[in-house]
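Worksheet: the structure to be examined is printed underneath.
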Amino acid sequence: MHEAYEATLMLKLGVQIESMTAYDDYLLIGTREGHLLMYNVATNPSDSKANENKNPSLYRYSKNFSKKRIVQIAVVPEYNLLLLLTDNIVCIHDLNSTNLNQISQLQKTRGATLFALDIQRHESMTGGKNTVVRLCVAVKRKLQLYYWKEKKKAFEEFFSEEIAGSDMSRELTVQDIPRELAWCGETLVLGFRGFSYTLMDFQGKSKELFPTGKSPEPNITKISDNSFVLGKDSQSVIMDTSGELIQHNPVKWSDLPGSIAWDDPYLLGIVRDTLEIYTLESCTHIQTLPDLNKARLICRCKQGKVYVASMSQVWCISATDFAQQIRILLEQSQFQLALKLTNLSDLSDEEKTKKTCKIQTLYAHHLFRNKKFREAMEQFLKLGTDPYEVIRLFPDLVSQPSNANELNEPELNLPKLQDRELESGLLALIDYLTEVRYKLINDSQVKEKNLNQKSKVKNVAQSDQLKNMTAVAVEQLLKIIDTTLLKCYLQTNDALVAPLLRLNHCHLAEAEKTLLQHQKYPELIILYQTKGQHKKALELLEKQSKEIDSSLKGPERTIQYLQHLGKDHMDLILKFAGWVLDQDPGEGLRIFMEDVQEVEQLPRPKVLDYLLRCHQDLVITYLEHVVYVWEDNNPLFHNILVHQYKEKCLAAMTPSATPAERENIQHIRQKLQKFLEKSQHYTPETVLRDFPFDCLYEERAIVLGRLGRHQQAVSIYINLLNDVSKAIQYCKNVYERHERLKEDKKQQKEDGAEEVYVTLIRQLLRPDERDSSELLGLVDASGQPAQPYQGRTAQPDLETALELLEEHAAKIEPMKALQVLPDTVPIGRIRHFLEASLQNNINERRRMQVLKGLLYAEHLQVQEQRMHYESQSVLMTEFNVCPVCKKRFGNQSAFARYPNGDIVHFSCQIRKM
């Protein structure tokens with residue numbers, strides 16, 4: 001409790017006070033004898049506080065104002081109107097006149113018991129002020145509605161056609177004679193004696209609320225245009241115009257209040273001979289002013305001034321100094337009430353803002369000390385408090401303590417948080433920091449976007465400097481926030497640590513220290529990765545891979561890390577790939593051949609060179625992936641893959657070879673042969689130079705065939721391998737490849753491919769008597785025969801040669817075949833060959849004749865079409881008009897003719913299209 005008001009006895013009258021109202025510096029009193037008294041209660045600046053309002057001056061006095069008692073009195077200052085209810089009729093008087101002359105009487109209100117005024121003050125966009133006055137008069141069980149029409153200087157009844165957008169009727173019927181009446185916005189609040197409270201709109205629709213309680217007399221106090229207070233026994237209930245409770249806690253008076261007034265933010269009620277003062281929000285009892293003998297009337301004049309009257313005395317209830325009240329309220333931790341008083345004070349807008357911010361900050365610290373963490377964080381967020389000052393409320397989260405400033409004095413008495421309280425506080429802090437972080441990042445992105453979109457600025461250097469300063473400040477603050485979030489997550493929910501670190505602004509040293517303390521090695525790897533500390537991350541991975549109980553045990557995490565480093569860190573990849581390849585070669589090779597974008601973009605020659613030097617057993621696997629999966633056509637990889645296959649085969653043929661290598665040689669040779677046949681990107685000359693001379697003859701034959709040296713290739717099959725079937729298959733493959741190239745005109749034809757069958761027949765019929773290595777293509781680098789071949793493994797085979805002639809007659813040129821055949825071969829043996837050859841020649845000749853005829857026919861058609869178009873003519877005269885521009889053709893006009901016969905100017909042809 002504190003002293004919000006002080007009471008001063010202002011008047012002692014010899015008449016009985018019946019009604020009272022006040023406005024500005026004037027107090028009007030109506031008596032039972034019908035007197036009207038008007039006092040000027042203006043404060044003299046020279047008067048002290050003690051003497052203020054003790055001697056008001058009688059401004060006007062009308063002894064015979066009315067023959068009856070003045071039941072109710074009201075004032076409209078904007079129009080200088082005085083409204084009285086006397087002798088059961090409502091009268092309107094002019095406040096400006098000396099004798100308060102009567103303007104009019106509302107004759108239809110005869111029999112009235114009470115009235116209610118609604119004064120709505122509006123300010124237009126241009127600064128003009130407009131006041132709308134509405135009046136509701138209770139006449140027995142009727143409610144009459146009026147509005148003030150300034151042009152006519154009179155109150156008129158409501159009519160829907162006279163008030164735009166209004167559906168008001170001139171009269172409303174109620175269930176009983178109302179004893180209390182208030183006008184709240186577009187709703188009338190009625191109180192009936194011994195019955196209940198009712199809400200009514202202007203269409204006559206009513207809503208019953210609740211009974212008045214044990215006291216038969218209702219009590220209605222208007223708070224705003226949409227809220228009011230209703231009395232029920234010794235309680236006051238706060239409701240809105242829809243009939244709903246604004247708050248469930250009522251104001252509980254010490255006894256039944258006689259009369260109530262609202263002076264924001266206090267509710268004042270006369271209880272017996274005292275004045276009790278409460279707040280609405282918390283329904284807290286603030287003060288009790290005693291010694292108000294037989295007080296029964298109360299009215300509010302203006303903010304901080306209320307008048308209370310008994311039958312013959314008037315007290316002025318004045319608010320104490322707001323600054324003093326606010327100071328006491330802050331000491332009592334009544335922050336919400338202090339904020340309201342600050343807003344109601346006469347301080348400047350700037351001072352109000354500063355004071356409000358200070359109070360809200362103190363309130364937020366108060367909430368924190370009372371362990372209402374979420375409410376405190378919401379306040380800090382609204383205030384835009386420096387996040388570092390909020391983080392300092394948790395001393396364990398701050399690495400280096402610093403002195404608190406004036407607003408942070410409550411931090412000296414910080415509560416000790418443990419277990420659940422600490423967790424609740426940290427969770428609230430996490431929500432706060434997350435929101436601040438989002439706003440910072442979003443605002444910086446918007447600012448950067450706006451700066452980028454700016455047009456030419458006079459002082460560009462200064463703008464850039466300001467931009468850099470702002471960016472640095474934001475980055476520093478984000479470091480503090482993210483580092484604190486990391487510490488909070490480690491204490492509340494460590495599953496959120498990894499997502500935070502993947503996109504973080506943490507302070508590296510502080511975050512590293514924290515993660516090491518909690519032994520969060522996987523999260524530490526993420527931190528190193530996001531901060532570009534790849535060497536530290538890989539060293540930690542290597543160390544943890546050897547720990548038995550570590551979640552990073554084994555090479556898998558290192559493999560994944562190296563896969564995503566990219567070509568810019570090639571040296572680092574090769575450095576740390578070594579121990580992985582040594583430990584698990586099969587899995588480790590995924591560093592260089594996984595289907596990952598960064599892996600595919602690694603410099604493959606450099607990777608190949610590394611594998612050739614350090615891990616030669618893995619070269620073939622890597623090259624097969626490069627050639628077959630990535631389809632790399634670089635001849636380097638194809639040549640080295642052939643070389644590696646060849647070396648594997650040669651190693652398996654040595655006496656020191658293991659049984660497993662000997663068993664695998666056939667599989668390797670098949671792969672080598674298939675690759676030599678299918679690949680189009682290895683260099684045959686280079687490959688042949690390194691081939692051995694005493695083995696791998698079939699592979700040599702394939703390479704010789706790729707070089708177009710078919711005679712030597714066929715000679716190997718016949719003379720060295722003694723395998724006619726493979727020689728025939730070789731010739732078949734060469735001829736089919738030749739036909740494909742022949743169809744594709746873009747490809748270069750292979751020399752000697754058409755005569756490959758003739759070459760085979762020659763080898764079958766007349767093997768070369770020299771039988772040297774030169775004939776077979778076995779020459780060394782200097783071009784000399786490398787190793788003479790002694791003895792002949794193949795004998796002349798006429799039958800096989802004749803079978804080839806008959807089977808492949810269409811593929812063999814007759815003249816060259818006849819030159820190879822011995823003269824002793826009977827003509828009957830080659831009859832089928834000759835017939836087939838002759839028929840092929842005839843068919844080819846006929847095809848050429850048909851093609852020639854078709855081409856000639858097409859030529860005739862083209863000539864006929866040309867003659868047809870050339871025979872067409874156009875007659876141009878001075879009367880011809882262009883259909884586009886509607887102008888005639890001049891002597892020098894250029895024109896164009898369309899296929900449909902239209903003639904247009906040459907310049908008009910585009911528009912016509």
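- Separation of atoms CG (Leu608) and CD1 (Ile640) is listed at 4.5 Å; rounding is to 0.5 Å.
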Can you give each donor-acceptor pair under 3.5 Å made by side-chain atoms of residues 844-852, sequence neighbours left out, with the distance rounded to 0.1 Å?
residue, atom, partner, partner atom, Å
Glu844, OE2, Arg847, NH2, 2.8

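- One finds no salt bridge joining Lys567 and Glu598 here, because no Lys/Arg side-chain nitrogen approaches an Asp/Glu carboxylate oxygen to under 4.0 Å.
- The backbone N or O of Glu685 lies less than 3.5 Å from no partner atom in the side chain of Thr683, so there is not a single donor-acceptor pair.
- Taking the ring pair (Phe, Tyr, Trp, His ring centres under 6.0 Å) definition, one finds that Phe675 meets it with His638, sequence neighbours left out.
- Between Thr530 and Leu503 there is no side-chain heavy-atom pair separated by less than 4.5 Å.
- A salt bridge links Glu699 and Arg669; the closest N-O separation between the charged side-chain nitrogens and carboxylate oxygens is under 4.0 Å.
- Counted within 6.0 Å of CZ on Arg831, heavy atoms from surrounding residues, nucleotides or ligands total 12 or fewer; the atom is thus considered open.
- Salt bridge absent: Arg897 and Asp902 never bring a charged side-chain N and a carboxylate O closer than 4.0 Å.
- With contacts defined as side-chain heavy-atom distances shorter than 4.5 Å, the pair Val703/Val642 does not qualify.
- Ion pair Arg866/Glu870 flagged as a salt bridge, since at least one NZ, NE, NH1 or NH2 atom sits closer than 4.0 Å to an Asp/Glu carboxylate oxygen.
- In this structure, His710 and Tyr730 have tilted ring planes: the angle between them lies in the 30° to 60° band.
- By the 4.0 Å N-to-carboxylate-O rule, Asp609 lies close enough to Arg613 to be salt-bridged with it.
- Note: Ile718 CD1 to Arg762 CZ = 13.0 Å, rounded to the nearest 0.5 Å.
- Annotation: Lys646, atom NZ; neighbour count of heavy atoms from other residues, nucleotides and ligands within 6.0 Å is above 12.
- Between Arg829 and Glu799 there is a salt bridge, with a side-chain nitrogen of the basic residue lying less than 4.0 Å from a carboxylate oxygen of the acidic one.
- For Gln865, the CD atom counts as loosely surrounded, since its 6.0 Å shell holds 12 or fewer non-hydrogen atoms of other residues, nucleotides or ligands.
- Listed for the Glu542 side chain is no donor-acceptor partner under 3.5 Å among the backbone atoms of Glu539.
- More than 12 heavy atoms of other residues, nucleotides or ligands lie within 6.0 Å of CD in Gln872, so this atom counts as buried by the packing criterion.
- For the pair Gln529 and Tyr561, the tightest heavy-atom approach, listed with the atom from each and the gap, is CA-OH, 3.5 Å.
- Between His534 and His569, the ring planes lie perpendicular to each other; the angle is over 60°, past the 30° to 60° tilted range.
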Cut-off 3.5 Å, no hydrogens considered: what does the side-chain donor-acceptor table look like for residues 579-596, sequence neighbours left out?
residue, atom, partner, partner atom, Å
Trp579, NE1, Phe576, O, 3.3
Asp584, OD1, Glu587, N, 3.4
Glu587, OE1, Arg590, NH1, 2.5
Arg590, NE, Glu594, OE1, 3.3
Arg590, NH1, Glu556, OE1, 3.0
Arg590, NH2, Glu556, OE2, 3.2

